Structures are given as C-alpha cells and as structure tokens.
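Written out below as structure tokens is the structure these notes cover.
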Amino acid sequence: MLSISGITKTYDNGVKALNDVNITIPNGLFGLLGPNGAGKSSLMRTIATLQQADAGTITFDGIDVLSQPNELRRRLGYLPQDFGVYPRISAYDLLDHLAILKGLANKAERQEAVNGLLAHVNLFQHRKHAVSGFSGGMRQRFGIAQALLGNPDLLIVDEPTAGLDPEERNRFHNLLVSLGEDKVIILSTHIVDDVSELCADMAVLGAGEILLQGNPIEVTNNL
Ligand code: ADP
Ligand code: ADP
C-alpha cells in the first residue's frame, strides 16, 4: 500500500502543480486520471523520488519515501512519460546492460531474467533487433520490461498508451493486467478507457487537486 498525504508542489516559475494531494493506493492496478497539465507527471516524479515536494509525506510499506529515497528506489520500477531513448543496440543487450546496473552480476541469472522479461512482454522474437527500430507499442512494452528488472513491488507507468493504436493499446492493457495483484501499479493517463477497463481503484486529478476517488464505475458516473 502507498499512502500520499498533503503533497504540495509549486515550481520556480510559480505554477502550483500539486495542492494538498491525499490518496491511499492499495495493491493492484490503480488509475490516476486527469487532463494534460493536471499534475500527473509531477506526482509520479515525486513518488519516484525524482523531484522534491514542498510539503507532505509518502509512505510505502513502512518506508518514509521522501526521507529514505534509496530504500524506495530499490523497490521501484518506473516508466516515465518520455521514455525517449531508443538505442541502436539490441533489446537483449540493452536489458542486459540495465540488469548489470541493477546489480545483477551473475551472467547466467541475467540471461534467465532478461529472456524471461522479453518473453513476458512479447518481444522475445525481437530480442536481437535494435530498440530504435521498434514501433510505439513495442517500445512501451520494452519500457515495461526495463521497469520490471529487479522485480519491483511498486511500478509507476506514466501515460503509457498515449499515441498507441487500438491494437497496440489492447496488447499493452493485457500486459499490465498480467503483472499481477501483489504489486502497487500506478497507471497515469488522460484516457478514461485505460482506467475503466483495467483498474479496480482510481482517482481523478484536476489542476493539482484530487477531485474524485473510488472505483471506476462510481467515479466515471460522476465525471
Ligand atoms: P500532467 O502530467 O498531468 O500533464 P504535469 O505534472 O506535467 O501534468 O504538469 C502540471 C503543471 O505543472 C503544468 O502547468 C506544467 O506546465 C507545470 N510543470 C510541470 N513540470 C514543470 C517544471 N519542471 N517546471 C515548471 N512547471 C512545470
Ligand atoms: P509484435 O507482434 O511483437 O507487436 P510484430 O512482429 O507485429 O511485433 O512487429 C511489428 C512491426 O515492427 C512489424 O512490421 C515488424 O516487422 C516490425 N519490426 C519488428 N522488429 C523490428 C526492428 N527491429 N526494426 C524494424 N522493424 C521491426
């Protein structure tokens, strides 16, 4: 469970991106819905310990996230909104390098982990292809594979389906559903169907504030 309490953030340019955000997020797929500019990425970056809040606390499984960022980072997988590096090395080699950076020293263990992840995201047959040649949907699935390295129990995916065609989006949805119920998975999106099709719980963010929270049927009836 992830608890967010009183998170507030004003950027140097005076934009108040988050205003007293309070949400409790259970295990499973949680949808954070909001239009562009609502503050979704600001909140995701704050949870991922990539930027600091002005006030508030975040706790994950007893970890005080904002004061113990390294504890959180060890358990975090993050697919940022602009996962925009598409190297010319192969999918396999890129994941293998990232696994080394994650501390997986043993080559045989890495091989098993990397092949397993590539199979899970349906890219095993493309393992020897350059990531730079992948379609948008393939890149997002590859992004999930990299975020899952080290088996995180908090996974943040920020606007993962923007720009995907319906078939790719569907595949990506199936992948998210396959990740199981034992992690906290936060899906940030401006697409109502992403949350209504996938999430048991959700919140709506607008102009930096939580407007609604509950199950998608209740919440989308009130939109
Ligand atoms: P969303 O992800 O919902 O589109 P963001 O968190 O990206 O929302 O943005 C919320 C508001 O904060 C917007 O007005 C945006 O322009 C502003 N903002 C986001 N990041 C920064 C930043 N680094 N510096 C200044 N303003 C920012
Ligand atoms: P998947 O079924 O995993 O989505 P597909 O086999 O349908 O992937 O491939 C999607 C498209 O991308 C196909 O046209 C395929 O030929 C092309 N493709 C796959 N890998 C590469 C690559 N490394 N470079 C360029 N195109 C690729």
Side-chain angles (χ1 to χ4, degrees), residues 2-25 29-60 65-66 69 72-73 76-86 136-137 139-144 146-147 152 154-165 168-169 172-173 175-176 183-216 218-220 222-223:
L2 181 79
S3 300
I4 297 167
S5 171
I7 290 292
T8 293
K9 173 72 179 181
T10 302
Y11 288 109
D12 292 345
N13 60 3
V15 172
K16 189 160 200 172
L18 298 171
N19 185 15
D20 191 22
V21 170
N22 298 285
I23 336 177
T24 300
I25 301 181
L29 261 169
F30 183 91
L32 181 72
L33 180 68
N36 285 336
K40 302 182 300 296
S41 294
S42 298
L43 186 60
M44 298 302 101
R45 288 195 302 265
T46 306
I47 299 168
T49 76
L50 297 172
Q51 75 179 34
Q52 304 213 322
D54 302 327
T57 54
I58 300 176
T59 48
F60 177 66
V65 171
L66 303 183
L72 192 276
R73 286 171 194 157
L76 171 74
Y78 177 52
L79 178 55
Q81 182 171 5
D82 304 308
F83 180 60
V85 183
Y86 304 122
R139 288 174 190 190
Q140 288 304 69
R141 282 184 278 127
F142 183 80
I144 288 291
Q146 65 82 27
L154 171 60
L155 181 65
I156 295 175
V157 286
D158 196 356
E159 290 279 4
T161 67
L164 300 191
D165 66 34
E168 284 177 328
R169 228 182 99 235
F172 194 83
H173 280 188
L175 172 59
L176 287 178
K183 298 176 194 301
V184 171
I185 305 173
I186 307 175
L187 169 64
S188 146
T189 182
H190 67 275
I191 301 169
V192 178
D193 287 351
D194 281 351
V195 287
S196 58
E197 288 170 15
L198 295 174
C199 301
D201 291 281
M202 67 173 293
V204 179
L205 190 66
E209 300 190 8
I210 297 293
L211 304 176
L212 293 164
Q213 185 174 4
N215 75 55
E218 292 164 10
V219 169
T220 52
N222 287 315
L223 278 182

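Order of appearance sets the numbers: ligands from 1, and atoms from 1 within every ligand. The figures that follow rest on heavy atoms only: side chains count, while hydrogens, waters and symmetry mates do not. We're numbering straight along the sequence, starting at 1. Because the structure is predicted, anything quoted here is derived from the model rather than measured.
With a 4.0 Å cut-off on non-hydrogen atoms, Pro35 touches ligand 1 through its backbone and not its side chain.
Looking only at side-chain heavy atoms (C-beta outward), Arg45 and Lys9 stay at 4.5 Å or farther from each other. Within the 4.5 Å cutoff, no side-chain heavy atoms of Leu176 are placed close to those of Asp194. Side-chain contact between Val65 and Thr49 is present, with at least one heavy-atom pair separated by less than 4.5 Å. Using a 4.5 Å heavy-atom threshold, the side chains of Ile144 and Leu79 count as touching. Proximity of Ile191 to Glu197: side-chain heavy atoms (C-beta onward) are nowhere separated by under 4.5 Å.
In terms of protein heavy-atom proximity, atom 25 (C) of ligand 1 is nearest to Asn13 ND2, 3.1 Å. Taking atom 13 (C) of ligand 1 as the reference point, the nearest protein heavy-atom neighbour is Gly37 O, 4.0 Å. The shortest contact between atom 8 (O) of ligand 1 and any protein heavy atom is with Gly39 N, 3.0 Å. Of the protein's non-hydrogen atoms, Tyr11 CE1, 3.4 Å is the one closest to atom 18 (N) of ligand 1.
Residue contacts with ligand 1 leave out Gly34, since none of its heavy atoms falls under 4.0 Å from the ligand. Taking a 4.0 Å cut-off on heavy atoms, Glu159 fails to register as neighbouring ligand 1.
Looking only at atom types and distance, the side chain of Ser188 has a donor-acceptor partner in the side chain of Asp158 under 3.5 Å away.
Here the closest non-hydrogen pair linking Leu205 and Ala38 is O-CB, 3.4 Å. Across Pro152 and Lys183, no two heavy atoms sit closer than the pair O-NZ, 2.7 Å.
Any N or O atom pair closer than 3.5 Å counts here, and Ala17 shares no such pair with ligand 1. Residue Asn36 has no N or O atom closer than 3.5 Å to an N or O atom of ligand 1. Residue Ser42 has at least one N or O atom closer than 3.5 Å to an N or O atom of ligand 1.
Residue Ser41 has at least one heavy-atom neighbour below 4.0 Å for each of these atoms of ligand 1: 1 (P), 2 (O), 6 (O), 7 (O). For ligand 1, the atoms lying closer than 4.0 Å to a non-hydrogen atom of Arg45 are 20 (N). Interface atoms of ligand 1 facing Ala38, defined by a heavy-atom separation under 4.0 Å, are 1 (P), 3 (O), 8 (O). Close contacts of ligand 1 with Val15, meaning ligand atoms under 4.0 Å from a residue heavy atom, involve 11 (C), 12 (O), 14 (O), 17 (C). Listed by atom number, the atoms of ligand 1 under 4.0 Å from Lys40 heavy atoms are 1 (P), 2 (O), 3 (O), 4 (O), 6 (O), 8 (O).
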- request: Evaluate the side-chain contact (heavy atoms from CB on, under 4.5 Å) criterion for residues Asp193 and His173: first the C-alpha distance (whole Å), next the side-chain angles of each, then the deciding distance (0.1 Å), finally the verdict.
  value: CA-CA 10 Å; Asp193 287 351; His173 280 188; 5.5 Å; no
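In this structure, the side chain of Lys40 engages the main chain of Gly34 through a donor-acceptor pair within 3.5 Å.
Of the protein's heavy atoms, none falls inside 4.0 Å of atom 15 (C) of ligand 1.
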